S.K.: 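After the structure tokens below, expect a handful of questions from me.
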Amino acid sequence: MPSLSQIFIYPIKSLAGIQVDQCAVTPTGLKYDRKWMLVDEHQQFLSQRRLPKMALLKTQIIAQQLIISASSQENLVLDLNPPETDPTRKVTVWGDKCQAQEVNQQASQWFRDYLQFPCTLVYQPDKNIRTVDQKYAQSNDQTSFSDGFPFLIVSEASLAQLNLQMNLALSMRRFRPNLVIKDCAAYAEDRWRKISIGGISFRLPIPCARCAIPQINPDTAISDKEPLRTLAKTRKWNNEVFFGQNALHDNLGVLQTGGFVIINKTGSAQPPLE
């Protein structure tokens, strides 16, 4: 039976993630997942697409503090639960306008110094709700500063097959999933529509179209042609390439590695590559 082998949270959008053995599921997804984000002077979100060096910034959570580290600077230490402040600012994630607040000027300056780019670190207070695209979601579905969905699910077998096709050994970190599943066939997740893990139910409405970020080596921030070159040959549909499935959750609880994945509903493969 498939089971949950890895859990990743990404407190600050597009920075390195944190692997955990268990994590609470909140209305917006995994606790602390993408609750912080960097924006430019136009309040547009920043990611490794524009600033690959973001990949080298490490995050960890210790004693109710979020710690960001860089090789050239002292650690930045943030409160995991910043106090809500006014006024808030309107920031943009793709086409979505969201309300956010600046963490503080010291934190923003820390990132400006490292990235050598004008940016501001913002936080999403719990009161500022961002709903998921209603074409794929229910009216009460929420997310934080993710690209669009609270969860991304990938199976170990899918990556193993892709690595075999490339004759490489790329890490799962390249693909930035939240939930990694083992003991299923390669791309089995393409057919899952409803699953449950540890009593938490998930809907998988749409596959994940991949951008250039998986080409960025998370250890060096150097970009290469893989895996997009191979995905363009094997996983292309409607002029996009796909790897993994976006997911929404129906209830709250705690996820723990080792939990079995119950397949409650399947459908035709998405994307329909066969």
Side-chain angles (χ1 to χ4, degrees), residues 2-10 13-17 19 29-30 33-34 47-49 52 54-55 93-94 132-133 136 143 146-195 197 202-219 221-249 261 263 266-274:
S3 64
L4 181 61
S5 61
Q6 295 173 294
I7 302 171
F8 293 94
I9 60 173
Y10 307 90
K13 184 177 179 69
S14 221
L15 268 59
Q19 185 173 352
L30 294 174
D33 187 50
R34 288 164 293 195
S47 77
Q48 295 176 34
R49 299 171 186 88
M54 291 173 69
V93 182
W94 296 113
V132 180
D133 189 335
Y136 308 105
T143 188
S146 70
D147 278 355
F149 292 84
F151 290 92
L152 174 62
I153 296 175
V154 176
S155 72
E156 291 182 359
S158 299
L159 178 57
Q161 179 167 315
L162 178 59
N163 273 327
L164 185 64
Q165 291 167 333
M166 297 184 296
N167 195 27
L168 294 173
L170 297 187
S171 165
M172 186 66 80
R173 289 187 299 148
R174 293 259 190 152
F175 300 92
R176 302 178 65 81
N178 295 110
L179 307 179
V180 180
I181 310 301
K182 69 176 181 178
D183 297 333
C184 65
Y187 300 113
E189 63 269 32
D190 285 1
R191 297 183 181 276
W192 298 345
R193 292 296 179 273
K194 294 183 179 181
I195 65 174
I197 310 171
F202 296 88
R203 288 162 278 134
L204 287 69
I206 184 174
C208 182
R210 307 313 301 229
C211 65
I213 287 180
Q215 295 185 140
I216 299 170
N217 185 323
D219 297 317
I222 296 172
S223 184
D224 198 357
K225 294 181 179 179
E226 294 291 10
L228 293 193
R229 178 170 58 185
T230 296
L231 287 173
K233 298 175 183 176
T234 61
R235 302 277 299 168
K236 189 172 184 178
W237 181 62
N238 282 354
N239 294 316
E240 292 186 289
V241 297
F242 295 88
F243 190 84
Q245 296 290 324
N246 293 302
L248 302 153
H249 56 303
V261 179
I263 313 302
T266 60
S268 57
Q270 53 177 17
L273 298 170
E274 296 179 355

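Small disclaimer: the values here were computed from a predicted structure and weren't measured. Computed over heavy atoms, backbone and side chain alike; hydrogens, waters and symmetry mates excluded. Each residue takes its place number in the sequence, starting with 1.
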S.K.: Applying side chain to side chain contact (heavy atoms under 4.5 Å, CB included), name anything that partners Asn163, two or more places apart in sequence or on another chain.
M.R.: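 Partners of Asn163 by the side chain to side chain contact (heavy atoms under 4.5 Å, CB included) criterion, ordered by chain and then number, come out as Leu159, Met166, Leu168, Leu170.
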
S.K.: For Arg193, what residues pass the salt bridge (Lys or Arg N to Asp or Glu O under 4.0 Å) criterion, not counting sequence neighbours?
M.R.: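 Partners of Arg193 under the salt bridge (Lys or Arg N to Asp or Glu O under 4.0 Å) test: none.
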
S.K.: Could you tell me which residues satisfy side chain to side chain contact (heavy atoms under 4.5 Å, CB included) with Ser146, sequence neighbours excluded, listed by chain and number?
M.R.: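 For Ser146, the residues satisfying side chain to side chain contact (heavy atoms under 4.5 Å, CB included) (neighbours in sequence not counted) are Arg34, Arg130, Thr143.
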
S.K.: Identify whether the distance between the nearest side-chain nitrogen and carboxylate oxygen of Asp224 and Arg229 falls below 4.0 Å.
M.R.: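 A salt bridge is absent here (no side-chain N lies under 4.0 Å from a carboxylate O).
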
S.K.: Considering all heavy atoms of both residues, which atom of Pro205 and which atom of Leu248 are nearest to each other, and what is their separation?
M.R.: CG-CD1, 3.9 Å

S.K.: Can you confirm whether Ile153 sits close enough to Pro177 that some side-chain heavy atom of one is under 4.5 Å from a side-chain heavy atom of the other?
M.R.: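 No, every pair of side-chain atoms sits at 4.5 Å or beyond.
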
S.K.: Please enumerate all residues that pass side chain to side chain contact (heavy atoms under 4.5 Å, CB included) together with Leu164, with sequence neighbours excluded.
M.R.: none

S.K.: Does Asn217 have any side chain to side chain donor-acceptor pair (under 3.5 Å) partners at least two apart in sequence or in another chain, and if so, which?
M.R.: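 Counting only residues at least two positions away or on another chain, Asn217 forms no side chain to side chain donor-acceptor pair (under 3.5 Å).
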
S.K.: Could you give all pairs that pass the salt bridge (charged side-chain N to carboxylate O under 4.0 Å, His left out) test and reach residues 168-189, with sequence neighbours left out?
M.R.: Arg173-Asp219

S.K.: Is any side-chain heavy atom of Trp94 less than 4.5 Å from a side-chain heavy atom of Asp133?
M.R.: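 Side-chain contact under 4.5 Å: no.
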
S.K.: Which residue pairs pass the salt bridge (charged side-chain N to carboxylate O under 4.0 Å, His left out) test when at least one of the two sits in residues 149-161, sequence neighbours left out?
M.R.: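 Every pair satisfying salt bridge (charged side-chain N to carboxylate O under 4.0 Å, His left out) with a residue in residues 149-161: there are none.
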
S.K.: If you look only at pairs with a residue in residues 234-243, which of them pass as a side chain to side chain donor-acceptor pair (under 3.5 Å), with sequence neighbours excluded?
M.R.: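 Sorted pair list: Asp190-Arg235.
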
S.K.: Once ring-ring contact (aromatic ring centres under 6.0 Å, His included) is applied, what residue pairs with a partner in residues 150-178 remain, sequence neighbours excluded?
M.R.: Phe151-Phe202, Phe151-His249, Phe175-Phe243

S.K.: Test of understanding: with side chain to side chain contact (heavy atoms under 4.5 Å, CB included), list the residues that count as partners of Ile206, not counting sequence neighbours.
M.R.: Tyr136, Phe149, Asn246

S.K.: Please enumerate all residues that pass side chain to side chain donor-acceptor pair (under 3.5 Å) together with Gln215, with sequence neighbours excluded.
M.R.: none

S.K.: Does the side chain of Phe8 come within less than 4.5 Å of Leu30's, by heavy atoms?
M.R.: no

S.K.: For the atom pair CZ (Phe242) and OG (Ser158), what is the distance rounded to the nearest 0.5 Å?
M.R.: 14.5 Å

